[in-house]
Protein chains: 2
Amino acid sequence: MTSQRAYHHGDLRRAVLTAALDAIRDSGPAALSLRDLARRAGVSHAAPAHHFKDRTGLLTAIAAEGFDLLAGALAEAPELRERGVRYVRFCREHPAHFQVMFTPELLRADDPALRAARDRAREQLRSGIGDLETSERGEDARLAGIAAWSLAHGFATLLLAHNLDEPLEGQDPEGVFRGLTGLLFQGR
Amino acid sequence: MTSQRAYHHGDLRRAVLTAALDAIRDSGPAALSLRDLARRAGVSHAAPAHHFKDRTGLLTAIAAEGFDLLAGALAEAPELRERGVRYVRFCREHPAHFQVMFTPELLRADDPALRAARDRAREQLRSGIGDLETSERGEDARLAGIAAWSLAHGFATLLLAHNLDEPLEGQDPEGVFRGLTGLLFQGR
DNA sequence: GACAGAAACTTGTCAATGCCTAGATTTGGC
DNA sequence: GCCAAATCTAGGCATTGACAAGTTTCTGTC
């Protein structure tokens, strides 16, 4: 999108993003070093700043990309329960994105691209809840929406922080999560 | 406060911990600066290192304290649903602890105090699930345990990251959470 | 096809930070 | 009263993020 053809490097913006995602996956966002990313990409230490302005700018770009990926993943799933599974799958396939997306103090909250992408993702989350609105009362539907998001988000978060390694006993996380949704919506 | 009399400062360990919790609450763990904490406490820049060895050591001490506080809070609650409410209350009263506790890449995983405190908290989480084991089948009880933790943890996490500000419409979070548990355990 | 301007990148610099080492001061046990 | 340990200070080093200024490469236009 941004730069198809590139000047000295090729596509430094993408290279830095990818290297950042690797680093975050391994050591978290706190350990991220712009200068180290520059070294990995083979450019000078100030080159990344031209694409992202800032450390915060880089993380904001990652979060925006993450919300876009999440919105796309959710849009593929037809109904609410399957969207929860996609949410969990997303956090496993894109752990670095996921972690940055939900750490607001690392982000520039007023960034237009971030706001747009986050709104797209929220829209997908909300439209999934619409499935319930017909079968349940309005208030229950709202609660069910919060419950569904909390369940998926909590499961995803605990999973990434290795807090479910023991309880899961090596079982497939997505499969277990399907079981959880069965508990939550057993009355449906 | 904690230790009776102290040497040069009074109780530097507690002072640094408290200042760190304030800083994390405001700006997250990434923005934490040991030198800034030392300045706030009115000591030299290397003084905190003597109590915590390290930046990681300070965060590990915070996490251990957090798990102890959480274990205490959960122990006060009689049954499972109320423990979930305590979990949510804990994250609001101790947001800095909560955030650090579940960010493993910031911590020294093999620290004995951390392991002990985390085990205490896990024991409290697990014993709450025991309430279910009598009324439900074994496999369902295990799933229900994961579900309950995921629900509470997801709600807490989304709450702290200000992702529920809009859906909650200004309602009391604990009250809403009680509603969520009603959905999860409606069959009980 | 040259040229002007913009985009991409480099080099140099500065303040701040984490961590290490060595030394000074205070405390508590004997 | 004295010694050892605990507590804290002072100085230094490598690394980092951010900024400023200059250089190279591309792009659109006449």
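The model shown is predicted, which means the values in this text are computed figures rather than measured ones. Convention: sequence-line order gives letters A, B, ...; per-chain numbering from 1.
At a threshold of 4.0 angstrom between heavy atoms, the contacts of B/L37 with the nucleic acid are absent. At a threshold of 4.0 angstrom between heavy atoms, the contacts of A/D36 with the nucleic acid are absent. If you check every strand for non-hydrogen atoms under 4.0 Å, B/R13 touches nothing.
In this structure, A/L32 places its CG atom 18 Å from P of D/dT15, rounding to the nearest Å. Here C/dC19 presents its P atom at 13 Å from CZ of B/F52, a figure rounded to the nearest Å. Taking atom CZ on A/R39 and atom P on D/dT15, their separation rounds to 8 Å, with Å as the unit. Per the geometry, NZ belonging to A/K53 stands 12 Å off C1' belonging to D/dA20, to the nearest Å. Atom NE2 in A/H50 sits roughly 14 Å away from atom P in D/dA20 (whole-Å rounding). The distance between atom CG of A/L58 and atom P of D/dT16, rounded to the nearest whole Å, is 15 Å. Taking atom CG of residue A/D54 and atom P of nucleotide D/dG17, one finds them 10 Å apart after rounding to whole Å. One atom, CG of A/L34, and another, C1' of C/dA16, lie 15 Å apart when rounded to the nearest Å.
Side-chain nitrogen and oxygen atoms of B/S44 include none within less than 4.0 Å of the OP1 or OP2 phosphate oxygen of D/dC8. Checking the phosphate oxygens (OP1, OP2) of D/dT9, no side-chain nitrogen or oxygen of B/R35 falls inside 4.0 Å. Within the 4.0 Å cut-off from OP1 or OP2 of D/dC8, at least one side-chain nitrogen or oxygen of B/H51 is found. Close to D/dT15, at under 4.0 Å from its OP1 or OP2, lies no side-chain N or O of A/S33.
Picking from D/dC8, D/dA18, D/dG11 the nucleotide with the shortest atom distance to the side chain of B/H45 gives D/dG11. Counting only heavy atoms from C-beta on, A/A46 has its side chain closest to D/dA20 among D/dT9, D/dA20, C/dC9.
Remark: A/R14 pairs with A/E65 by the salt bridge (Lys or Arg N to Asp or Glu O under 4.0 Å) rule, at least two apart or across chains.
Using a 30° and 60° split on the angle between ring planes, A/F90 and A/H94 fall in the tilted class, from 30° to 60°.
Note that the CD1 atom of A/I62 and the CD atom of A/Q99 stand 10.5 Å from one another [nearest 0.5 Å].
Other residues, nucleotides and ligands place no more than 12 heavy atoms under 6.0 Å from the CD atom of A/E166.
Using modelled atom types and a 3.5 Å distance limit, the side chains of A/T18 and A/R40 yield no donor-acceptor pair.
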